[in-house]
Amino acid sequence: MNILGVNAVYHESAAAVIVDGRVIAACEEERFTRIKHGKDPQVDNPQELPENAISFCLDYAGLRPEDVDLVAYSFEPKLRRTKFQAEWWPDSRLESDFLLHLEKVGDSFAKIMGRRLGRNLKFVPHHLAHAASAYYPSGFDRSAILVVDGIGEADCTFLARGEGGRIRAIEALSYPHSLGFIWEHVSVYLGFSSHDAAKVMGLAAYGDPNVFRRTFAAILRVDEQGYSVDADAIGFRTVEPRNLDALFGPRRKPDGEILQHHIDVAAALQDATDAAMASLLRRLEREVGGEQLCMAGGVALNCVTNSTISRASGFSKIFIPSAPHDAGTALGAALVVHCAQEGAEPPSGGASPYLGPEYSEGEVLAAVKAAGLPYRKCKSAARDAAEMVADGNIVGWFQGRMEFGPRALGNRSLLADPRRPDTRAILNRRVKHREDFRPFAPSVLAERAKDWFDMGPITPSHEFMLFACPAKPGLAARIPAVIHQDGTARVQIVRRAANPRYHALISHFFERTGVPLVLNTSFNDSEPIVCTPSHAIATFHGAGLDALFMGDICLTAQN
Ligand SMILES: [Fe+2]
């Protein structure tokens, strides 16, 4: 049985494929088109399918379009029609436009697959797809499930329980009760794009959450059952967040100066989010219990919230997939359809983040030669790269299969020395062109993580850079480049079995320096993470990296 899963309804367009109960591949469309997030969420484009990601997944699995038995699309138009109210839009005519374009999804698939799919095209409710993307790969039998994002068909938060391979709803909170939308709205108020929650999260550590705590409570009210959002207070239905100007003071213009009240708003938002999520978890503890929890939805990318709530709750085993945001629903929808088959077991292979394209040495060399660049072949790329990082160089590390999800986890990464206080500024100025207030993350040997960071209970999701962990007393000063303003680091633990080459690199760095971690940031410069050797070479050149390792092939700047 061959199942293709697709997310295309809003943004983070992506595809995934399951063959005979095994997750074979998953990838975001942005990596191929070089357009961040795949596309903007517009009413006129839910039928624009991630054609590149789909053909990658099928090629990787050795399938032709006619070999695909079932196709899953992570949005259910029928549910949208019954649950979403057109007056929620600023202009209610937008909804009929959206529904009209959703009807074209079948035509778009017919074009790509060379036939009409009919009943073999399955529309999977968005939040069920999110829930499945966490629950089935988690390996848990019995688990509480929490999905929190902007919006699916009409729901913004979904509480469920997983048991014996089945996901059962407990409750869904519909619009306007959307934590994801609050983050988008506040991001725009702070002069960033609606996609820039990560910037707001970085900024929050510098602010005082108390300044706007009470004002924020007018927007986001936390109660016993979870939380509610006052749509009029935040002004969801206005295109511009002008209500926030009245509540918090003048917004920041894009690229304008960041003022203290902007930073305090970010801090209050982070604090209110932690409180709302903690309340949802307390409810799941009461209603589901146990120690296992699966989380998904864009809000599950918030490392600070994940850490805060995991420490405060009774759930000690937490699974969040590497792609908890909308891209992950491509895999989740395929998983739902797979598990709906008679007698199906949850598929294997879905917990690994390394589900994207990989390139042979021949393909790497062809790209290097096409670029006319000198290169050498290393005996040990891991050792050579570790030495270069320890000498203060910025190194591109391009290995194996690309990560599925927004974080580079050692296969499409830029690496630097965490010990040097100036590493952050050099990376920001020379390579990444990003704001100084944003933290850089460490990749640490799994067996040493507890020596350096207060990890709490370690879970498989600690391999996906999803938790902010305080550095152990006295150690932060030794690794200043990866410690954020609040004394935490967004730790990625690296197990030898999960990524042997990356583990070897960090081990060599540890042997030489006594520090079992390197700084890891995504391999890109203000664009989607690199996918192919040619992308990597272009960024190596454009961003002025000191070296680039692709498999065993090494390019250095002085060559
Ligand atoms: Fe979503």
Side-chain angles (χ1 to χ4, degrees), residues 5-16 26 28-30 36-43 45-46 48-50 53 72-77 79-80 83-84 88 98 102 105 123-137 145-160 167 169 171-185 187 193-198 229 236 273 276-277 280 294-302 305-306 319-336 404-407 464 466:
V6 170
N7 170 57
V9 66
Y10 299 128
H11 48 186
E12 319 303 346
S13 305
E28 288 111 312
E29 179 74 355
E30 63 160 25
K36 262 194 166 181
H37 313 292
K39 64 183 180 63
D40 279 332
Q42 302 288 350
V43 290
N45 68 14
E48 283 177 18
L49 302 180
Y73 181 88
S74 57
F75 192 87
E76 168 54 287
L79 192 58
R80 176 77 176 200
K83 229 176 163 186
F84 188 90
W88 292 348
F98 184 53
L102 272 171
V105 168
F123 293 100
V124 176
H126 186 77
H127 282 184
L128 181 60
H130 268 308
S133 77
Y135 173 60
Y136 293 119
I145 301 173
L146 178 59
V147 174
V148 185
D149 66 359
I151 194 166
E153 288 82 4
D155 298 337
C156 312
T157 281
F158 177 58
L159 297 97
I167 296 169
E171 200 195 336
L173 308 184
S174 294
Y175 179 91
H177 307 299
S178 170
L179 282 173
F181 278 174
I182 294 184
W183 276 82
E184 288 185 12
H185 226 60
S187 291
S193 89
S194 60
H195 292 295
D196 283 331
V229 173
F236 271 159
T273 303
M277 294 286 282
L280 291 169
C294 293
M295 290 204 326
V299 177
L301 284 168
N302 190 314
T305 299
N306 292 345
F319 185 84
I320 308 170
S322 65
H325 62 339
D326 275 4
T329 64
L331 177 55
L335 288 165
V336 168
F404 183 45
R407 309 233 158 106
F464 309 150
L466 288 166

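Each ligand, and each atom within it, is numbered from 1 in the order the structure gives. Start at 1 with the first residue, then count along the sequence. Atom set for the values below is all heavy atoms of this structure, side chains included, hydrogens, waters and symmetry mates excluded.
- Between H11 and H195, the distance separating the two ring centers is shorter than 6.0 angstrom.
- For the residue pair E12 and H37, a side-chain donor N or O sits within less than 3.5 Å of a side-chain acceptor on the partner.
- Applying the salt bridge (Lys or Arg N to Asp or Glu O under 4.0 Å) rule to E28 yields the partners R31; only residues at least two apart in sequence or on another chain are considered.
- Looking only at atom types and distance, the side chain of T273 has a donor-acceptor partner in the side chain of W183 under 3.5 Å away.
- When the salt bridge (Lys or Arg N to Asp or Glu O under 4.0 Å) test is applied to D155, the partners found at least two apart in sequence or on another chain are K83.
- Listed by chain and residue number, A16, L355, F404 satisfy the side-chain contact (heavy atoms from CB on, under 4.5 Å) test with A26 (two or more places apart in sequence, or in another chain).
- Panel detail: the Fe ion (ligand 1) has protein N, O or S atoms under 2.8 Å away, 4 in number.
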